[in-house]
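Computed over heavy atoms, backbone and side chain alike; hydrogens, waters and symmetry mates excluded.
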Amino acid sequence: MSKPLLTSLADGVLEITLNRPDQLNAFTVEMHQHLRAAMEDARDNPQIRAIILTGSGRGFCAGQDLSERDPSKKEIVDLKVTLSTNYNPLIRMMRAMEKPIICAVNGVAAGAGANLALACDIVLAADNAKFIQAFSKIGLIPDAGGTYTLTHLLGEARAKALAMTAQPLSAQKAEEWGLIWQCTPADELMDEARKLAKSLASSATLGIGKTKQVIQAASTNSLDQQLDLEAETQGELGRSADFKEGVQAFLEKRPASFTGK
Ligand code: LHQ
């Protein structure tokens, strides 16, 4: 049987590929375990300075594998347990990780698959990809952070309509609405994602990681709290080797060589 997840590391970038193409990379418990382990490795390995998440085949991820949830089976699995055990720790870890995660949405992203993509820091999507909040079709609410992400990125009006109707949202419209960073021709998606990831991985990654944290904090902080957090974080970064190198390189009119320290 093929592995449910593929990983490769080059130029400081860990590329993670969901790999159940025949099921549009729908999540099984096994795939969850592999993805968690890969993300933990990305978080803890100092050689990894950026991450790309993508899918193999024609889809990105169709959310939970519904065949694992066959309602005719006697054993009823509590969905709260599934979310608390698998999806929620994954989303929390990805958001807490002080490294940029780029999602290359190579095709349909449905249910928790759509919200996994939207939990990443920079989302590129192929021009034939679409985002579907498929949950309402099976009597559920958006999960894997979807109610939070959609509301914060789009506002209530669009979040509610997307969630209630389960209408597919094209990658073009997702870009237009500010739900994702960029819609890209399908045959250029991975080149674009790799170019971006490589450039981030060789940048001042300590500052990039802090940028992620401070921007995320802005959704719940007041301006006062945010100003304090900016000052605190800038103080810390002002003592970093990357800041020293960045300024020195600027003054010497040469490219900077950042170490992420
Ligand atoms: C699938 C799936 C799938 C299994 C396609 N499972 N096989 C979290 C925690 C706990 C519980 C509950 O939920 C959650 C979060 C969730 O994610 S709930 C939402 C789950 N996802 C969905 O409801 C989406 C279901 N899939 C679809 O609606 C369609 O497949 C989409 C719109 C994604 C793509 O449509 P098509 O391009 O027409 O492809 P297809 O439907 O023909 O799918 C291709 C194959 O993939 C097919 O298998 P087959 O053997 O017939 O070729 C599907 O059965 C399989 N597949 N999604 N979630």
Side-chain angles (χ1 to χ4, degrees), residues 1-7 15-40 51-94 101-120 123-126 128-150 162-163 165-171 174 179-180 186 189-190 193:
M1 224 169 79
S2 56
K3 291 185 193 164
L5 202 83
L6 306 174
T7 56
E15 197 167 305
I16 303 176
T17 306
L18 308 175
N19 189 40
R20 302 186 66 237
D22 293 345
Q23 294 78 29
L24 302 178
N25 305 314
F27 266 106
T28 55
V29 170
E30 194 196 6
M31 198 170 88
H32 263 295
Q33 287 163 350
H34 282 79
L35 182 56
R36 271 276 281 293
M39 285 289 179
E40 276 166 6
I51 297 106
I52 296 176
L53 177 63
T54 191
S56 64
R58 73 177 176 89
F60 170 68
C61 176
Q64 174 65 35
D65 188 314
L66 295 175
S67 66
E68 272 196 339
R69 310 259 144 204
D70 182 349
S72 64
K73 283 184 190 155
K74 271 210 190 102
E75 180 201 0
I76 297 172
V77 184
D78 186 338
L79 301 191
K80 181 179 175 184
V81 173
T82 307
L83 288 174
S84 311
T85 312
N86 293 317
Y87 290 90
N88 292 358
L90 174 68
I91 302 295
R92 285 192 173 108
M93 193 204 356
M94 287 167 58
I101 307 176
I102 294 164
C103 191
V105 184
N106 54 299
V108 66
N115 296 333
L116 170 71
L118 299 176
C120 296
V123 185
L124 307 181
N128 57 359
K130 51 192 172 178
F131 297 83
I132 312 175
Q133 296 295 320
F135 307 88
S136 63
K137 296 227 170 167
I138 52 172
L140 298 180
I141 59 163
D143 59 24
T147 56
Y148 179 95
T149 316
L150 292 170
L162 283 176
T165 66
Q167 270 184 32
L169 185 73
S170 68
L179 186 64
I180 64 168
L189 177 72
M190 290 314 296

message: Within the 4.5 Å heavy-atom criterion, are Thr54 and Ile16 side-chain neighbours or not?
response: no

field: pair Ile52-Met190: side-chain heavy atoms closer than 4.5 Å
entry: yes

Spatial distance of atom [atom1] ([X]) from atom [atom2] ([Y]) [nearest 0.5 Å]:
X	Y	atom1	atom2	value
Leu66	Ile138	CG	CD1	5.0 Å
Lys130	Gln167	NZ	CD	12.0 Å
Phe60	Leu189	CZ	CG	10.5 Å
Met39	Ile51	CE	CD1	6.5 Å
Leu35	Glu40	CG	CD	10.0 Å
Asn19	Leu6	CG	CG	4.0 Å

Shortest non-hydrogen separation from [X] to [Y] and the atoms involved:
X	Y	value
Ala166	Ala134	CB-CA, 4.2 Å
Arg36	Asn86	NH1-O, 4.1 Å
Ile102	Ala193	CD1-O, 4.2 Å

field: side-chain contact (heavy atoms from CB on, under 4.5 Å) evaluation trace for Val105 with Ile180
entry: CA-CA 10 Å; Val105 184; Ile180 64 168; over 6 Å; no

Keeping [X] on the side-chain end and [Y] on the backbone end, is there a donor-acceptor pair under 3.5 Å?
X	Y	value
Asn25	Ser56	yes
Asn106	Gly57	yes
Arg20	Pro4	no

- request: Would you please test Gln64 and Thr82 for side-chain contact (heavy atoms from CB on, under 4.5 Å) and show each step?
  value: CA-CA 10 Å; Gln64 174 65 35; Thr82 307; 4.2 Å; yes

message: Does the plane of the ring in His32 sit parallel, tilted or perpendicular to the ring in Tyr87? Use 30° and 60° as the thresholds.
response: perpendicular

For residues 111-120, dump all side-chain donor-acceptor pairs below 3.5 Å to protein atoms at least two apart in sequence or in another chain.
from	atom 1	to	atom 2	distance (Å)
Asn115	OD1	Gln133	NE2	2.9
Asn115	ND2	Gln133	OE1	3.2
Asn115	ND2	Asp143	O	2.8

side-chain contact (heavy atoms from CB on, under 4.5 Å) assessment of Leu18 paired with Leu5: CA-CA 5 Å; Leu18 308 175; Leu5 202 83; 3.6 Å; yes

message: Just to verify, what does Arg58 make a salt bridge (charged side-chain N to carboxylate O under 4.0 Å, His left out) with, not counting sequence neighbours?
response: none

message: If the condition is salt bridge (charged side-chain N to carboxylate O under 4.0 Å, His left out), which residues does Glu68 pass it with, not counting sequence neighbours?
response: none

